[in-house]
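Below is one structure, written out as structure tokens; comments come after it.
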Amino acid sequence: MNYATGLAVIERLEQLAPKHIAMPNDRIGLQLGSLKKDIRKVLIALDVTEEVADEAIREGVDLIIAHHAIIYRPLEHLQTDSPAGQLYAKLIKHDIAVYISHTNLDAAEGGVNDLLAEAMGLGELDLLKVVHTEKLKKLAVFVPQTHHQQVLEAMFAAGVGHIGDYSNCSFNLSGEATFMPSDSAQPFIGEAGVLERVAEVRIESVVPESLVQQAIQAVIEAHPYEEVAYDIYPIEHEAKKYGIGRVGSLPSEMLLGELAEHVKRVFGLDTVRVVGDLGRSVSKAAVLGGSGGKFIGDAIQAGADVLITGDIDYHTAQDAKAAGFALIDAGHYIEQIMKQGVASYLVGALAGTATEVVASEAVTDPFRSV
């Protein structure tokens, strides 16, 4: 088996977490190194620290996929005697590329927040806050009957034809096409200067706006004609909504104090910070990895009794307490759940290649409970 290239690995990753669903100005994508090489081993990490870089070197890793940016602020210099400079130099020296998937992975179906909600046992999930709505286009393709199925399957493989919980949706109408090849043409059917009449099928289906170019390329590659006839139409329907955070029902109604203990067990925490009466009952919870203080209003509007997130500041906690809303600050590091989640996804997505994918074992949480 051959190794997947870096470009192929990221293509699979972006099927899970497309870049276009990231929050504006988020620092995502390739931040260091090159993807134009074969990848023997991929390391999935939450952060890229000195410990993670050393782990990658020991393990013979060619690509680190991380959740948090290695270059978060604009670089003013690249001095290799500074902590950041030493880290970059070490990775460059060992030809280790670093690719970041952040808020797009947060919002993705099966991404960070779905993993957190699943671990918590939340049911009847909904998005906490919609951040991106995918628009649909109508794609119409004209193909000879002899190649109808071939082109149709290529369209479906490129992401065409999804409507709600249904896939492979299309409408197919038979008819007659006419064309006359010029002297410079190299027609699949017909002769130069002769009017041809061919039995063709018009295939219509829907495609997410972000996949239009991919779908057109798939049609062109599968189509037998030198010049492929297709149309793209704007339509008003929406394909899918993506959002930050999840809200859902707890496995059973419980006291806030019991929920806090449940959070500690699920995420292997020594302590959590809680805002609210530990004796109050809660049945619906919102969860958001990272710093979720600014989404308290969304959690309240969604009917949640409590928001589980990280990095709650003092004044935000005071405001929540005054509003009678409960918070559990489990810390930013609970996002480490993405390491195993993304690794498991990529193992499946890269099946059939020799590329290995592993989750980082380095502990990058800067805080310790004492």
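No experiment lies behind these values; they were computed from the predicted model shown.
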>> If I take atom CD from residue Gln340 and atom CE from residue Met338, how far apart are they, to the nearest 0.5 angstrom?
In response: 10.5 Å
>> As an exercise, state the distance from CG of Leu7 to NZ of Lys37, rounded to the nearest 0.5 Å.
In response: 11.0 Å
> Got more than 12 heavy atoms from elsewhere within 6.0 Å of CD, Glu196?
Replying inline: yes
> More than 12 foreign heavy atoms under 6.0 Å from CZ of Phe179: is that the case here?
Replying inline: yes
> So Phe188 and Glu227, side chain to side chain contact (heavy atoms under 4.5 Å, CB included) or not? Walk me through it.
Replying inline: CA-CA 10 Å; Phe188 175 75; Glu227 298 290 346; over 6 Å; no
> Which heavy atom of Val282 sits nearest a heavy atom of Leu259, and at what distance?
Replying inline: CG2-CD2, 4.0 Å
> At their closest point, which heavy atom of Ile312 faces which heavy atom of Arg273, and how far apart are they?
Replying inline: O-NH2, 2.6 Å
Exercise: do [X] and [Y] side chains pair donor with acceptor under 3.5 Å:
{"X": "Thr80", "Y": "Gln86", "result": "no"}
{"X": "Thr316", "Y": "Asp313", "result": "yes"}
{"X": "Tyr88", "Y": "Gln31", "result": "no"}
{"X": "Thr103", "Y": "Asp26", "result": "yes"}

> Taking the six-membered ring for Trp, are the ring centroids of His132 and His20 within less than 6.0 Å of each other?
Replying inline: yes
>> So if I apply the salt bridge (Lys or Arg N to Asp or Glu O under 4.0 Å) rule between Lys138 and each of Glu209, Glu204, Glu236, which one comes out positive?
In response: Glu204
